[in-house]
**Student:** 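Handing you a structure now.
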Amino acid sequence: MRSEQQATLERGLRADTATAVAQPNIALIKYWGKSDERLFLPRTDSLSMTLDIFPTTTRVRLAPEAARDTVTFNGEAATGEAERRITAFLELVRERSGRTERADVDTRNTVPTGAGLASSASGFAALAVAAAAAYGLALDATGLSRLARRGSGSASRSVFGGFAVWHAGRADAGPEEADLSSYAEPVPAADLDPALVIAVVNAGPKEVSSRVAMRRTMDTSPLFEPWALSSGADLADMRVALERGDLAAVGEIAERNALGMHATMLAARPAVRYMSPASLTVLDSVLQLRRDGVAAYATMDAGPNVKVLCPRADAERVAEAVRAAAPGRAVHIAGPGRGARLLDEDGR
């Protein structure tokens with residue numbers, strides 16, 4: 001039986017205008033470093049949870065008479081690197097679909113951009129689904145995951161809801177085989193009922209982009225290779241914990257994997273430091289919550305913001321502790337969300 005997601009994607013084929021929505025995901029086993037920068041092949045496998053907040057909504061409308069693509073981001077014309085990445089992605093879709101029309105792209109993002117909150121994951125997952133439909137490119141969910149990866153690696157995971165694993169693939173293979181080998185897929189998980197409490201200690205853009213930081217870490221950090229090796233073991237442990245429904249084990253593994261990733265960055269030359277004093281204060285509050293008997297565990301991506309995994313029943317208590325640790329900062333509570341999907345004319 002076809003999935004609801006697949007049936008919706010098929011209804012959108014050759015629509016010439018398509019709108020899609022996708023949610024960000026937060027990696028519990030981290031993606032950090034590429035083995036092939038052109039194909040966006042990661043150095044290691046990773047595993048994430050797609051969120052039910054911060055959606056990105058993207059409309060792609062083909063414009064046969066236009067001489068160039070136009071991109072609007074939150075109501076303003078996109079420029080610079082953001083525009084370049086989107087138009088390059090559209091070129092890839094045109095190449096694969098055998099069509100040449102330029103496109104008008106309008107994207108609305110509700111997550112702070114460039115702050116380590118996975119805005120590119122939701123953005124390129126939504127763009128992949130909408131662009132594939134508008135250009136009549138027939139892809140199943142796995143194919144969409146591969147396509148989204150070419151815009152932003154972590155977008156491959158936002159094609160799916162709940163928990164998803166992104167396979168690193170084979171960088172040593174030929175270009176076509178290597179491209180096909182790297183994609184995300186859903187991960188079986190027991191009924192965990194988790195929540196992720198997100199402390200936005202700084203919503204501004206990062207001083208060092210993830211791309212620059214990844215390359216510097218891989219090239220110069222003596223801790224990177226040991227972390228990459230241990231991350232494979234973390235992933236195996238994580239999959240077992242998810243299947244057993246052991247949320248405390250999931251959190252413990254996620255926390256050690258994230259802190260290990262940040263250690264590799266601190267050992268880079270020069271160091272990449274995303275943690276801020278406010279980040280450390282929130283991390284200390286998570287330790288205190290555990291001392292008080294709450295199964296709360298922290299994770300951090302490439303940015304200062306802290307995410308705290310906990311049982312949904314404890315989410316409000318965790319959020320209260322985080323707010324006390326970082327007064328004046330925004331705190332959000334998220335649960336597992338849906339995968340990327342097309343919207344109908346009524347926006348559903």
**Student:** Can you tell me how far CG of L283 sits from CG of L259, rounded to the nearest 0.5 angstrom?
**Tutor:** 6.5 Å
**Student:** Using side-chain heavy atoms (C-beta onward) and a distance below 4.5 Å, is V200 in contact with H332?
**Tutor:** yes
**Student:** Got a salt bridge between D237 and R256, using NZ or NE/NH1/NH2 to carboxylate O under 4.0 Å?
**Tutor:** yes
**Student:** Let me see the working for S154 and S48 under side-chain contact (heavy atoms from CB on, under 4.5 Å), right down to the final yes or no.
**Tutor:** CA-CA 9 Å; S154 56; S48 65; over 6 Å; no
**Student:** Do NZ/NE/NH1/NH2 and the carboxylate oxygens of R215 and E37 come within less than 4.0 Å?
**Tutor:** yes
**Student:** Any side-chain donor-acceptor pair under 3.5 Å between R108 and T57?
**Tutor:** no
**Student:** Report yes if the side chains of T50 and F160 come closer than 4.5 Å at any heavy-atom pair, otherwise no.
**Tutor:** no
**Student:** Measuring from atom CE of M238 to atom CG of N257, what distance do you get when rounded to the nearest 0.5 angstrom?
**Tutor:** 7.0 Å
**Student:** Linking I/L/V/M/F/W/Y whenever any side-chain heavy atoms sit under 4.5 Å apart, do V165 and M261 land together?
**Tutor:** no
**Student:** Verify the neighbour count for atom CD of E243: are there more than 12 heavy atoms of other residues, nucleotides or ligands below 6.0 Å?
**Tutor:** yes
**Student:** Salt bridge between D193 and R312, side-chain N to carboxylate O under 4.0 Å?
**Tutor:** yes
**Student:** Find out whether L147 and L92 are in side-chain contact, i.e. whether some heavy atom of one side chain is under 4.5 Å from a heavy atom of the other.
**Tutor:** yes
**Student:** For D36 and L39, indicate whether the former's side chain and the latter's backbone hold a donor-acceptor pair under 3.5 Å.
**Tutor:** yes
**Student:** Do you know which two heavy atoms are closest between V201 and N305, and how far apart they sit?
**Tutor:** N-OD1, 2.8 Å
**Student:** Heavy-atom distance under 4.5 Å between the side chains of N25 and L51, does that happen here?
**Tutor:** no
**Student:** Kindly give the heavy-atom pair with the smallest separation between V197 and A315, and that separation in Å.
**Tutor:** CG2-O, 3.8 Å
**Student:** Are the side chain of Y135 and the backbone N or O of E101 linked by a donor-acceptor pair below 3.5 Å?
**Tutor:** yes
**Student:** Which atom pair, heavy atoms only, marks the closest approach of A131 to L90?
**Tutor:** CB-CD2, 4.2 Å
**Student:** How many angstroms lie between atom CZ of F124 and atom OG1 of T107, to the nearest 0.5 angstrom?
**Tutor:** 9.0 Å
**Student:** Could you go step by step and tell me if R273 and E207 meet the salt bridge (Lys or Arg N to Asp or Glu O under 4.0 Å) rule?
**Tutor:** CA-CA 10 Å; R273 194 191 77 167; E207 291 186 8; over 6 Å; no
**Student:** Let me know which of T17, L127, V93, V129 forms a side chain to side chain contact (heavy atoms under 4.5 Å, CB included) with V60.
**Tutor:** L127
**Student:** L137 and V105: same hydrophobic cluster, using ILVMFWY side-chain contacts below 4.5 Å?
**Tutor:** yes
**Student:** Measure across L247 and P194 and return the closest heavy-atom pair with its distance rounded to 0.1 Å.
**Tutor:** CD1-CB, 3.9 Å
**Student:** Evaluate M214 against K34 for side-chain contact (heavy atoms from CB on, under 4.5 Å), listing each step before the verdict.
**Tutor:** CA-CA 8 Å; M214 281 184 190; K34 298 184 184 75; 3.8 Å; yes
**Student:** Any chance you could lay out the side-chain contact (heavy atoms from CB on, under 4.5 Å) test for V21 and T56, step after step, and finish with the verdict?
**Tutor:** CA-CA 6 Å; V21 63; T56 295; over 6 Å; no
**Student:** Taking all non-hydrogen atoms of both residues, which atom of S35 and which atom of A171 are closest, and how far apart?
**Tutor:** OG-CB, 3.4 Å
**Student:** Assess the residue pair T299 and K30 against the criterion (side chain to side chain donor-acceptor pair (under 3.5 Å)); give the C-alpha distance rounded to whole Å, side-chain angles, the decisive distance to 0.1 Å, and a yes or no.
**Tutor:** CA-CA 9 Å; T299 186; K30 298 302 184 186; 2.9 Å; yes
**Student:** Can you find a side-chain donor-acceptor pair between S46 and R157 that sits under 3.5 Å?
**Tutor:** yes
**Student:** Within the structure provided, determine whether I26 and M49 are in side-chain contact (heavy-atom separation under 4.5 Å).
**Tutor:** no
**Student:** Got S182 and H167 here, is their nearest side-chain heavy-atom distance under 4.5 Å?
**Tutor:** no
**Student:** Indicate the atoms forming the closest heavy-atom contact of S119 with N109, along with that distance.
**Tutor:** CB-ND2, 3.6 Å
**Student:** Mind checking whether V286 and M300 sit in one hydrophobic cluster, side chains of I, L, V, M, F, W, Y counted as touching below 4.5 Å?
**Tutor:** yes
**Student:** S231 side chain to A228 main-chain N or O, any donor-acceptor pair under 3.5 Å?
**Tutor:** no
**Student:** Near R211 CZ, under 6.0 Å, is it more than 12 heavy atoms from other residues, nucleotides or ligands?
**Tutor:** yes
**Student:** Test D179 against every option in R170, R146, R149 by the salt bridge (charged side-chain N to carboxylate O under 4.0 Å, His left out) rule and name the one that passes.
**Tutor:** R149
**Student:** Hey, could you give me the CZ/OG1 distance between R341 and T19, rounded to the nearest 0.5 Å?
**Tutor:** 12.5 Å
**Student:** For the hydrophobic clusters of this structure (ILVMFWY residues joined by side-chain heavy atoms under 4.5 Å, transitively), does one cluster hold both V272 and W32?
**Tutor:** yes
**Student:** Would you indicate whether the side-chain heavy atoms of I53 and Q23 approach each other to under 4.5 Å?
**Tutor:** no
**Student:** Nearest 0.5 angstrom please: Y31 OH to S156 OG, how far?
**Tutor:** 8.5 Å
**Student:** Compute whether any side-chain donor of one residue and acceptor of the other, for D106 and T58, lie under 3.5 angstrom apart.
**Tutor:** no
**Student:** Examine distances only and state if a side-chain atom of T220 and a backbone atom of T217 form a donor-acceptor pair shorter than 3.5 Å.
**Tutor:** no
**Student:** Would you say the rings of W166 and Y183 are close, in the sense that their centroids are separated by under 6.0 Å?
**Tutor:** no
**Student:** Tell me whether M265 is reachable from L223 by hopping between hydrophobic residues (I, L, V, M, F, W, Y) whose side-chain heavy atoms are closer than 4.5 Å.
**Tutor:** no
**Student:** Are R290 and E255 close enough for a salt bridge, meaning some N to O gap below 4.0 Å?
**Tutor:** yes
**Student:** Which value, rounded to the nearest 0.5 Å, describes the distance between L28 atom CG and I253 atom CD1?
**Tutor:** 10.0 Å
**Student:** Would you mind reporting whether D104 and D69 have side-chain heavy atoms less than 4.5 Å apart?
**Tutor:** no
**Student:** Thinking salt bridges, do E81 and R84 make one under a 4.0 Å N-O criterion?
**Tutor:** yes
**Student:** Please lay out, stage by stage, how Y274 and V208 fare under the test side-chain contact (heavy atoms from CB on, under 4.5 Å).
**Tutor:** CA-CA 9 Å; Y274 287 125; V208 181; 4.1 Å; yes
**Student:** So, does T87 use its side chain to make a donor-acceptor pair with the main chain of E83 at under 3.5 Å?
**Tutor:** yes
**Student:** Test E91 against every option in R150, R102, R96 by the salt bridge (charged side-chain N to carboxylate O under 4.0 Å, His left out) rule and name the one that passes.
**Tutor:** R102
**Student:** With respect to D16, which candidate in R99, R59, R61 satisfies the salt bridge (charged side-chain N to carboxylate O under 4.0 Å, His left out) definition?
**Tutor:** R99
**Student:** Counting only N and O atoms by type, is there a donor-acceptor contact under 3.5 Å from the side chain of D301 to the main-chain atoms of G303?
**Tutor:** no
**Student:** Taking atom types as modelled and ignoring hydrogens, do the side chains of S276 and S279 form a donor-acceptor contact shorter than 3.5 angstrom?
**Tutor:** yes
**Student:** Would you check if there is a donor-acceptor pair between the side chains of Q288 and D292 at a distance under 3.5 Å?
**Tutor:** yes
**Student:** Hey, is the main chain of A298 close enough, under 3.5 Å, to the side chain of K307 for a donor-acceptor pair?
**Tutor:** no
